[in-house]
**Q** 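The structure follows.
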Amino acid sequence: MPSQGKLYVVGIGPGNVDHLTIRAKKIIEDSEVVIGHSTYVKRVQELVQGKEVIMSGMGKEVDRVKKAIAMAREKKVVLLSGGDPGVYGMLPLVAEIMAKNDSPVEWEAIPGVTAFSAANSILGSPISGDCAIVSLSDLLVSWREIENRLISALKGDFVIAIYNPSSKTRKPNLIKAIELISEYRPGYPAGIVKNAFREGEQFTICKVSELKKYLDEIDMSTILIIGNSKSFIKNNMIVTPRGYGRKYDC
Ligand code: SAH
């Protein structure tokens with residue numbers, strides 16, 4: 001039987017409601033149920049008044065998705081995800097569960113501004129073109145895989161965005177990653193962005209060889225951007241030219 005409701009997997013962007021897309025905002029406003037980690041529910045608090053709100057904690061993602069799918073048979077349900085739901089967010093889990101169970105529930109993903117685009121805007125323009133994103137979290141992926149991907153990105157001269165760089169228990173991963181990055185790119189620019197577009201925003205621009213000085217500042221609210229061979233630092237910005245200078249006078 002087709003479902004009456006619908007599930008929306010909504011990316012809420014990196015910070016406060018100002019960075020929601022118009023569509024994301026409208027869908028949250030029109031929904032009946034909002035489910036999400038408490039951090040994300042608090043960020044969109046002003047939009048969820050009068051709705052059924054279900055908050056759950058870290059590590060409860062599978063339960064949260066199953067609940068959202070079950071409720072979406074009857075109701076318009078929003079499942080919140082920080083940044084973009086497809087980038088280390090809730091979307092892959094929803095898609096996996098939907099595919100596995102051939103669920104009849106209708107669903108749709110609403111993209112959001114991901115942390116690397118937010119950090120890119122703050123740092124100048126380090127990304128500019130081909131970029132690899134790597135998460136240092138080994139909760140779902142083995143450290144060996146993470147290390148192999150990081151080395152491939154370093155060898156490929158990709159600008160690299162490092163998500164989930166550190167937590168209370170995962171500092172050693174960050175230290176290992178910085179040592180690896182320093183082997184390949186010691187003098188290259190690096191940007192550290194904490195709490196992009198939300199309270200507590202701060203950023204630092206330095207050389208890769210200096211990253212270790214900032215170990216204590218890098219936490220789960222931080223993203224790192226590692227420049228490539230074209231990147232340079234000027235006026236406290238990282239710039240990675242796209243190649244216009246080869247063709248045009250600029
Ligand atoms: N889906 C999210 C990423 C979730 S993984 C997105 O698209 O952005 C969580 C990691 O994202 C954090 O550990 C951090 O590395 C990064 N992150 C998310 N929001 C951020 C912000 N506002 N400022 C800096 N880093 C952020």
Side-chain angles (χ1 to χ4, degrees), residues 8-21 23-24 28 35-44 56-61 64-65 68 78-96 109-124 126-127 131-141 146 149-150 153 159-175 177-178 181 190-206 211 214-226 238:
Y8 297 90
V9 191
V10 178
I12 61 164
N16 51 35
V17 286
D18 290 355
H19 292 93
L20 251 70
T21 64
R23 181 148 164 78
I28 296 172
I35 303 185
H37 186 277
S38 50
T39 316
Y40 302 133
V41 174
K42 279 181 201 140
R43 279 203 212 132
V44 295
S56 74
M58 207 68 147
K60 300 266 186 268
E61 290 84 2
R64 199 184 305 153
V65 169
V78 159
L79 179 63
L80 298 174
S81 195
D84 182 273
V87 182
Y88 312 116
M90 300 306 289
L91 181 57
L93 182 57
V94 171
E96 192 179 332
I110 312 298
V113 176
T114 188
F116 85 72
S117 350
N120 186 60
S121 314
I122 290 168
L123 293 170
I127 298 215
C131 163
I133 61 172
V134 179
S135 163
L136 298 190
S137 169
D138 56 4
L139 292 175
L140 303 172
V141 179
I146 296 169
R149 287 174 188 166
L150 185 56
V159 171
I160 305 172
I162 309 267
Y163 278 76
N164 297 308
S166 191
S167 72
K168 284 190 192 104
T169 54
R170 284 193 295 98
K171 207 52 110 195
N173 289 8
L174 175 61
I175 296 171
I178 291 180
I181 296 165
I192 306 168
V193 180
K194 196 165 181 165
N195 291 314
F197 294 119
R198 58 185 189 228
E199 213 186 308
E201 177 184 299
Q202 57 187 74
F203 76 95
T204 304
I205 289 176
C206 64
L211 274 175
Y214 300 100
L215 274 182
D216 291 338
E217 287 161 41
I218 301 172
D219 59 14
M220 282 303 275
S221 307
T222 312
I223 185 164
L224 306 181
I225 310 276
I226 311 296
I238 304 177

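Order of appearance sets the numbers: ligands from 1, and atoms from 1 within every ligand. Hydrogens, waters and symmetry mates play no part in the numbers below; they use all other heavy atoms, side chains included.
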**Q** Look only at the side chain of Thr204 and the backbone of Ile192, and say whether a donor-acceptor pair between them is shorter than 3.5 Å.
**A**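 It does not hold such a pair.
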
**Q** Tabulation required: pairs of a nitrogen or oxygen in ligand 1 and a protein nitrogen or oxygen under 3.5 Å; columns are atom names and distance to 0.1 Å; otherwise 'none'.
**A**
from: ligand 1; atom 1: 1 (N); to: Gly82; atom 2: O; distance (Å): 2.8
from: ligand 1; atom 1: 1 (N); to: Asp84; atom 2: O; distance (Å): 2.9
from: ligand 1; atom 1: 1 (N); to: Val87; atom 2: O; distance (Å): 2.6
from: ligand 1; atom 1: 7 (O); to: Asp84; atom 2: N; distance (Å): 2.8
from: ligand 1; atom 1: 7 (O); to: Asp84; atom 2: O; distance (Å): 3.4
from: ligand 1; atom 1: 7 (O); to: Thr114; atom 2: OG1; distance (Å): 2.6
from: ligand 1; atom 1: 8 (O); to: Thr114; atom 2: OG1; distance (Å): 3.3
from: ligand 1; atom 1: 8 (O); to: Ala115; atom 2: N; distance (Å): 2.8
from: ligand 1; atom 1: 13 (O); to: Asn164; atom 2: OD1; distance (Å): 3.1
from: ligand 1; atom 1: 13 (O); to: Met220; atom 2: O; distance (Å): 2.6
from: ligand 1; atom 1: 15 (O); to: Asn164; atom 2: N; distance (Å): 3.0
from: ligand 1; atom 1: 15 (O); to: Thr222; atom 2: O; distance (Å): 2.7
from: ligand 1; atom 1: 22 (N); to: Pro14; atom 2: O; distance (Å): 3.1
from: ligand 1; atom 1: 22 (N); to: Ala196; atom 2: N; distance (Å): 3.3
from: ligand 1; atom 1: 22 (N); to: Ala196; atom 2: O; distance (Å): 3.0
from: ligand 1; atom 1: 22 (N); to: Arg198; atom 2: NH1; distance (Å): 3.0
from: ligand 1; atom 1: 23 (N); to: Ala196; atom 2: N; distance (Å): 2.9

**Q** List in chain and number order the residues that pass side-chain contact (heavy atoms from CB on, under 4.5 Å) with Ala132, two or more places apart in sequence or in another chain; answer none if no residue qualifies.
**A**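 Listed in chain order: Ala153, Phe158.
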
**Q** My understanding is that only residues two or more places apart in sequence, or in another chain, count here; which of them pass side-chain contact (heavy atoms from CB on, under 4.5 Å) with Ser117?
**A** Val113, Thr114

**Q** Taking Asp84 for the side chain and Gly112 for the main chain, is one N or O donor matched with an acceptor at less than 3.5 Å?
**A** yes

**Q** Who are the side-chain contact (heavy atoms from CB on, under 4.5 Å) partners of Ser135, not counting sequence neighbours?
**A**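 Tyr88, Ser137, Tyr163, Asn164.
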
**Q** Rounded at 0.5 Å granularity, tell me how far OG1 in Thr222 sits from CD in Glu217.
**A**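 One gets 8.5 Å once the value is rounded to the nearest 0.5 Å.
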
